[in-house]
Amino acid sequence: MSDLIKAFRESLETLDRVSAEALFQQALAAQTPIAAIESLVVPALEQMGQAWQEGSVALSQVYMSGRFCEELVERVLPPSDPDRKHQPRSAIVLLNDYHALGKRIVYSVMRASGFELFDYGRMDVEQLVERAIADRIRVLMISVLMLPSALRVSEVCARLKSRDSGIRVLVGGAPFLFDEQLWREVGADAMGHSASEAVTIVERWMGDMA
Ligand code: B12
């Protein structure tokens with residue numbers, strides 16, 4: 001798989017869409033769409049982010065790769081599962097950030113696993129708290145990729161608690177991957193490393209929320 005990731009990353013860096021598409025198809029032939037995304041697309045983009053930090057790739061390359069991967073992912077993720085689950089009432093949001101890909105993947109994986117959930121798109125703290133309470137949400141999933149956005153999750157949690165909402169908050173995204181204690185510090189109820197972990201955690205919560 002590491003050879004495939006390397007080749008995929010090279011085709012993204014050189015904006016060779018044909019080759020990137022072919023390599024993605026190769027990964028899809030061997031595994032489910034979700035597994036292909038998490039084992040090929042996610043690590044390739046992470047490596048490019050690292051390379052950008054070290055100065056060996058340009059932000060434009062990272063941006064074009066992100067956009068192209070979004071298209072690839074959009075095409076293969078199933079929109080829904082016929083055996084849809086209805087509990088608990090859930091929503092997913094991108095807080096303040098513009099890094100939409102992680103949220104998009106988590107949303108699709110949740111739906112593909114049978115969950116119905118609101119997609120709030122991108123919101124700020126105030127909008128999010130009001131909307132979640134108005135919608136009587138039980139599980140709120142927050143995706144962020146920037147540290148300042150992650151720190152604002154603490155405002156969301158504090159406001160939800162002060163309104164006695166009983167909403168459980170599940171967070172994910174790069175800052176929580178970099179610092180394993182951050183989710184506790186911002187007052188979230190859990191953190192997921194991947195889209196598939198989101199499903200496992202919500203399923204676990206379903207037992208005690210029924
Ligand atoms: C691609 C990318 C971009 C693209 C975004 C394209 C898009 N449409 O999303 C572009 C080029 C636009 C971009 C812009 C910027 N970026 Co950027 N970007 C990245 C990069 C390389 C990859 C992100 C990505 O899409 N990964 C693939 C997705 C699928 O992975 P993911 O989001 O982590 O999601 C997975 C898990 O985290 C989890 N997950 C995600 N959300 C949730 C939610 C829940 C509830 C759960 C359970 C799980 C979960 O499941 C997902 C699937 O497995 C990261 C590097 C990195 N290490 O993450 C930097 C990174 C996030 N960017 C960074 C920065 C600084 C920026 C800019 C400020 C750069 C600039 N100077 O302009 C801007 C800011 C944009 C903004 N205001 O939001 C920094 C943030 C650093 C920090 N500490 O805050 C990073 C970490 C790079 C770095 N190492 O410095 N970026």
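Side-chain atoms are counted along with the backbone in the values below, which use heavy atoms only and exclude waters and symmetry mates. Both ligands and their constituent atoms are indexed starting at 1 by order of listing.
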- Message: Can you name the atoms of ligand 1, numbered from 1 with element, that are less than 4.0 Å from a heavy atom of A100?
- Response: 7 (C), 9 (O)
- Message: Could you identify the single nearest non-hydrogen protein atom to atom 84 (O) of ligand 1 and state the distance to 0.1 Å?
- Response: L147 N, 2.7 Å
- Query: Under 3.5 Å, is there a donor-acceptor pair between the E54 and Q50 side chains?
  - Reply: yes
- Message: I need the contact type for H193 against ligand 1. Using non-hydrogen atoms and a strict under-4.0 Å cut-off, is it side chain, backbone, both or neither?
- Response: backbone
- Query: Going by heavy atoms in the side chains, are V76 and F24 under 4.5 Å from each other?
  - Reply: yes
- Message: Is the shortest side-chain heavy-atom distance between I142 and L170 below 4.5 Å?
- Response: no
- Item | Heavy atom of the protein closest to atom 35 (C) of ligand 1 (residue, atom name, distance) | G102 CA, 4.5 Å
- Proximity to ligand 1 by part of I92, non-hydrogen separation under 4.0 Å: neither
- Task: Please identify which atoms of ligand 1 are closer than 4.0 Å to at least one heavy atom of L177.
- Result: 37 (O)
- Query: What's the shortest distance from atom 48 (C) of ligand 1 to any protein heavy atom, and which residue and atom give it?
  - Reply: G192 O, 3.5 Å
- Task: Check whether any side-chain heavy atom of E21 lies under 4.5 Å from a side-chain heavy atom of R75, and answer yes or no.
- Result: yes
- Message: Suppose we screen for side chain to side chain donor-acceptor pair (under 3.5 Å). Which residues come up paired with S11, at least two apart in sequence or across chains?
- Response: none
- Query: Is there a salt bridge (charged side-chain N to carboxylate O under 4.0 Å, His left out) between E130 and R163 once you walk through the steps?
  - Reply: CA-CA 10 Å; E130 294 310 319; R163 304 269 292 265; 3.0 Å; yes
- Item | Residue, atom name and distance, where the atom is the protein heavy atom closest to atom 70 (C) of ligand 1 | L59 CD2, 4.1 Å
- Item | N/O donor-acceptor pair under 3.5 Å between D97 side chain and V144 backbone | no
- Item | Polar proximity ligand 1 side, Y98 side, N/O cut 3.5 Å exclusive | yes
- Should V106 be counted as touching ligand 1, given the test is an N or O pair under 3.5 Å? no
- Message: What protein heavy atom lies closest to atom 80 (C) of ligand 1? Include the residue and the distance to one decimal.
- Response: L145 O, 3.6 Å
- Message: I'd like to know if the side chain of D135 reaches the main chain of I137, judged simply by a donor and an acceptor atom lying under 3.5 Å from each other, with no hydrogens or angles considered.
- Response: no
- Short version for W52: what comes under 4.0 Å of ligand 1, heavy atoms counted, is side chain
- Under 3.5 Å: donor-acceptor pair, side chain of S165, backbone of L160: yes
- Return a yes/no value: protein heavy atom under 4.0 Å from atom 60 (C) of ligand 1? yes
- Item | Numbering as shown, the atoms of ligand 1 that approach M141 to under 4.0 Å (heavy-atom distance) | 45 (C)
- Of the protein's non-hydrogen atoms, which lies at the shortest distance from atom 53 (O) of ligand 1, and what is that distance? E38 OE2, 3.1 Å
- Message: In the structure I gave you, are the side-chain heavy atoms of R159 and V125 within less than 4.5 Å of one another anywhere?
- Response: yes
- Query: Does the distance from a Lys or Arg side-chain N to an Asp or Glu carboxylate O, for R152 and D124, drop under 4.0 Å?
  - Reply: no
- Query: Are any of the side-chain heavy atoms of V186 and C157 separated by less than 4.5 Å?
  - Reply: no
- Task: Could you find the nearest protein heavy atom to atom 39 (N) of ligand 1 and give me its residue, atom name and distance?
- Result: G173 N, 3.7 Å
- Among protein heavy atoms, which lies nearest atom 14 (C) of ligand 1, and at what distance? H99 NE2, 3.7 Å
- Query: Counting each atom of ligand 1 from 1 as listed, which ones have a heavy atom of V62 under 4.0 Å away?
  - Reply: 1 (C), 2 (C), 21 (C)
- Message: With a heavy-atom distance limit of 4.0 Å, tell me whether V171 approaches ligand 1 through its side chain, its backbone, both, or neither.
- Response: backbone
- Candidates L177, L182, I201 - the one meeting side chain to side chain contact (heavy atoms under 4.5 Å, CB included) with M191: L177
- Numbered atoms of ligand 1 (with element) below 4.0 Å of A174, judged on heavy atoms: 58 (O)
- Message: For atom 42 (C) of ligand 1, which of the options A198, G172, A188 provides the nearest non-hydrogen atom?
- Response: G172
